Amino acid sequence: MRTPKREQGMTILSMAILLLMVIFFGTLIIKLSGPYYDQFTIDQMISRTSQDMSGSEFLESEFRDRISKNLDINNIEIDLSRDLTFDLRASEPKVILDYEKRVHIAANIDVVLTFYEEYGL
């Protein structure tokens, strides 16, 4: 006499664990996509502004003013006086963007994203 085989498939516990993992990683992707999109937008702003000002005399105050206006339009909050620096003494002048963004995930878990980029003028 043959004994019936145990059915194969996912149990309720394994389905619950899978669902929790999908929810966790989905939430992580949703919460972290905002700062990365902001960084992509800032990258485009700085590149476009440096190209627009390449033909004329470079003024740090005008550059900061243009970037500040673009940040206000796109509703991006960073401190330009602290996060945006200029290295005009080097053989090739450059703009340095260096900042970090803290994203709250859940309870007491935060993620710190650090962005550093150098742009030639």
Side-chain angles (χ1 to χ4, degrees):
M1 186 163 164
R2 291 180 98 188
T3 58
K5 281 189 171 183
R6 186 173 166 191
E7 290 187 29
Q8 294 179 350
M10 292 182 71
T11 64
I12 292 178
L13 180 62
S14 60
M15 283 193 289
I17 291 172
L18 181 65
L19 181 64
L20 287 175
M21 287 176 55
V22 167
I23 290 171
F24 173 75
F25 286 111
T27 303
L28 203 61
I29 288 170
I30 289 171
K31 287 193 176 205
L32 295 181
S33 64
Y36 280 106
Y37 180 74
D38 289 348
Q39 170 60 22
F40 176 73
T41 305
I42 293 170
D43 183 47
Q44 287 181 335
M45 278 188 256
I46 292 175
S47 298
R48 193 174 326 126
T49 303
S50 64
Q51 285 177 357
D52 290 346
M53 295 182 69
S54 64
S56 63
E57 183 179 322
F58 180 79
L59 295 173
E60 184 178 326
S61 60
E62 183 181 348
F63 190 87
R64 283 188 191 273
D65 188 45
R66 284 186 182 190
I67 296 295
S68 177
K69 287 177 184 176
N70 282 329
L71 290 174
D72 287 342
I73 289 170
N74 290 305
N75 198 23
I76 299 173
E77 296 179 14
I78 64 168
D79 185 12
L80 284 181
S81 61
R82 184 188 58 189
D83 301 330
L84 190 69
T85 56
F86 297 89
D87 186 10
L88 302 175
R89 294 174 297 189
S91 62
E92 189 176 311
K94 56 187 163 186
V95 177
I96 301 168
L97 179 68
D98 184 17
Y99 71 101
E100 63 182 35
K101 192 78 167 174
R102 186 174 304 268
V103 179
H104 175 73
I105 300 298
N108 63 346
I109 301 172
D110 289 342
V111 174
V112 178
L113 304 170
T114 303
F115 298 101
Y116 180 85
E117 195 75 38
E118 293 182 1
Y119 305 92
L121 293 177

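All heavy atoms count here, side chains included; hydrogens, waters and symmetry mates do not. Predicted model, so just to flag it, every value in this text is computed and none were measured.
Salt bridge annotation for Asp65-Lys69: present, with a cationic side-chain nitrogen under 4.0 angstrom from a carboxylate oxygen.
In this view, Asn108 satisfies the side-chain hydrogen bond (donor to acceptor under 3.5 Å, both in side chains) rule with no residue, not counting sequence neighbours. With sequence neighbours excluded, no residue forms a side-chain hydrogen bond (donor to acceptor under 3.5 Å, both in side chains) with Asp72.
Atom OG1 of Thr114 is separated from atom CG of Asp98 by 8.0 Å, given to the nearest 0.5 angstrom. Here the CG-CZ distance, from Asp43 to Arg48, works out to 10.0 Å after rounding to the nearest 0.5 Å. Between the CD1 atom of Ile105 and the OG1 atom of Thr27 there is a distance of 8.5 Å, given to the nearest 0.5 Å. To the nearest 0.5 Å, atom OG1 of residue Thr49 and atom CD1 of residue Ile42 are 11.5 Å apart. Atoms OH and CG, from Tyr119 and Asp87 in turn, are 15.5 Å apart once rounded to the nearest 0.5 Å. With rounding to the nearest 0.5 Å, the separation of OH in Tyr37 from CG in Asn74 is 7.0 Å.
Residue Val103 is grouped with residue Phe25 when hydrophobic side chains (ILVMFWY) are merged at heavy-atom distances under 4.5 angstrom, including chains of intermediate members. If you chain together hydrophobic residues whose side chains sit under 4.5 Å apart, Phe24 and Leu32 fall into the same group. Both Tyr36 and Leu28 are assigned to one and the same hydrophobic cluster, defined by single-linkage of ILVMFWY side chains at heavy-atom distances under 4.5 Å. In this structure, Met10 is a member of the same hydrophobic cluster as Ile12, with clusters built from ILVMFWY side-chain heavy atoms closer than 4.5 Å.
Residues Met45 and Asn70 come closest through the heavy atom pair SD-CB, 2.9 Å. The two residues His104 and Asp110 make their nearest non-hydrogen contact at ND1-OD1, 3.1 Å.
Without hydrogens or angle criteria, Arg64 side chain to Leu80 main chain gives a donor-acceptor distance under 3.5 Å.
With hydrogens and angles left out, the side-chain atoms of Gln39 and Tyr99 include a donor and acceptor closer than 3.5 Å.
The local environment of NZ in Lys31 is crowded, with over 12 non-hydrogen atoms from other residues, nucleotides or ligands closer than 6.0 Å. In this structure, Phe86 places its CZ atom where more than 12 heavy-atom neighbours from other residues, nucleotides or ligands lie under 6.0 Å away. Within a 6.0 Å radius of CG in Leu20, more than 12 heavy atoms belonging to other residues, nucleotides or ligands are found.
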Kindly list each side-chain donor-acceptor pair under 3.5 angstrom involving residues 88-97, sequence neighbours excluded, with atom names and distances?
from: Lys94; atom 1: NZ; to: Glu118; atom 2: OE1; distance (Å): 3.4

